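One structure is given below, encoded as structure tokens.
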Amino acid sequence: MSATDDEPARRTGCRSIIEDKWALRIVSTLGTGPRRFTELKRATDGISQRMLTVTLRSLERDGILTRTVYNVMPPNVSYRLTPMGTALLEAATPLLAWTTDALPLIDAARAEYDARSRTAP
């Protein structure tokens, strides 16, 4: 396989992390340290249990986080960022901050657009 043959696969992997609605939120939450599944669920407002499971598996597959199972009763599973996950968080932090800061402006722009759209012929 040549480098050009592999290029679409590399772009797809990166795109899955960046475009995923939940991935960066989960990575951000794990930036403060390891978390259990239920802690991630509580910290990620609006995510379903199934979507959290799918997203965690995808991030684990991509090498962004590790999953550790502790053989205790009841079973305890913990998720932690890998060095690559930490690098992703460092790269994404300015984007996450911009998104948070710009949210009021985005909401205002949407309201203005919606108002114009309702009155347009």
Side-chain angles (χ1 to χ4, degrees):
M1 181 181 284
S2 72
T4 56
D5 291 339
D6 193 36
E7 188 63 28
R10 278 186 276 164
R11 283 195 309 263
T12 301
C14 180
R15 195 168 39 244
S16 68
I17 294 168
I18 301 304
E19 291 178 349
D20 184 283
K21 177 179 181 178
W22 304 108
L24 289 179
R25 291 183 190 183
I26 292 168
V27 168
S28 179
T29 300
L30 289 173
T32 59
R35 299 287 181 109
R36 294 177 64 175
F37 184 92
T38 53
E39 292 173 316
L40 287 169
K41 175 96 171 65
R42 274 189 241 119
T44 312
D45 190 38
I47 194 168
S48 69
Q49 185 166 331
R50 181 185 183 294
M51 186 51 63
L52 179 57
T53 299
V54 167
T55 304
L56 288 169
R57 284 181 184 160
S58 176
L59 291 170
E60 182 181 14
R61 181 175 184 253
D62 290 343
I64 303 300
L65 58 81
T66 58
R67 177 179 184 265
T68 304
V69 179
Y70 299 96
N71 291 323
V72 295
M73 283 311 270
N76 181 344
V77 178
S78 179
Y79 298 89
R80 165 189 311 266
L81 290 180
T82 63
M84 188 165 49
T86 301
L88 171 62
L89 179 58
E90 289 170 0
T93 296
L95 176 62
L96 293 167
W98 177 88
T99 303
T100 301
D101 294 345
L103 208 49
L105 298 172
I106 293 169
D107 288 341
R110 287 177 177 172
E112 182 181 319
Y113 176 87
D114 292 344
R116 279 195 323 264
S117 295
R118 281 190 286 266
T119 59

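What you are looking at is a predicted structure, and each value in this text was computed from that prediction instead of being measured.
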Exercise. Applying the side chain to side chain contact (heavy atoms under 4.5 Å, CB included) test to Ser58, which of Thr55, Leu56, Asp62 qualifies?
Worked result: Asp62

Problem set entry | Side-chain heavy-atom pair Tyr79, Leu65 within 4.5 angstrom cut-off | yes

For this session: For Gln49, enumerate each residue passing the side-chain hydrogen bond (donor to acceptor under 3.5 Å, both in side chains) test, keeping only those at least two apart in sequence or located in another chain.
Result: none

Problem set entry | Validation row: Leu88, Leu24 side chains within 4.5 angstrom (heavy atoms) | yes

Exercise. Sequence neighbours excluded, which residues qualify as side-chain hydrogen bond (donor to acceptor under 3.5 Å, both in side chains) partners of Arg35?
Worked result: Thr32

Problem set entry | Note, Tyr113 side chain near Arg116 side chain (heavy atom, < 4.5 Å) | yes

Tell me which donor-acceptor pairs under 3.5 Å the side chains of residues 38-47 have, and how far apart each pair is, sequence neighbours excluded?
| from | atom 1 | to | atom 2 | distance (Å) |
| --- | --- | --- | --- | --- |
| Glu39 | OE1 | Arg36 | N | 2.7 |
| Lys41 | NZ | Ile47 | O | 3.0 |
| Thr44 | OG1 | Leu40 | O | 2.8 |

Exercise. Of the non-hydrogen atoms in Met84 and Gly63, which two are nearest, and what is the gap between them?
Worked result: CE-O, 3.4 Å

Seminar exercise, completed: Taken in chain and number order and not counting sequence neighbours, the residues that satisfy side-chain hydrogen bond (donor to acceptor under 3.5 Å, both in side chains) with Thr68 are none

Problem set entry | Set of salt bridge (charged side-chain N to carboxylate O under 4.0 Å, His left out) partners for Glu90, sequence neighbours left out | none

For this session: Check whether Leu59 and Val69 end up in the same hydrophobic cluster, where Ile, Leu, Val, Met, Phe, Trp and Tyr are linked by side-chain heavy atoms less than 4.5 Å apart.
Result: yes

Exercise. Can you tell me how far the CG atom of Leu81 sits from the CD1 atom of Ile64, to the nearest 0.5 Å?
Worked result: 8.5 Å

Table please: side-chain donor-acceptor pairs of residues 92-106 below 3.5 Å, with sequence neighbours left out.
| from | atom 1 | to | atom 2 | distance (Å) |
| --- | --- | --- | --- | --- |
| Thr93 | OG1 | Leu89 | O | 2.5 |
| Thr99 | OG1 | Leu95 | O | 2.8 |
| Thr100 | OG1 | Leu96 | O | 3.1 |

Exercise. Hey, what do you get for CD (Glu60) to OG1 (Thr82), rounding to the nearest 0.5 Å?
Worked result: 10.5 Å

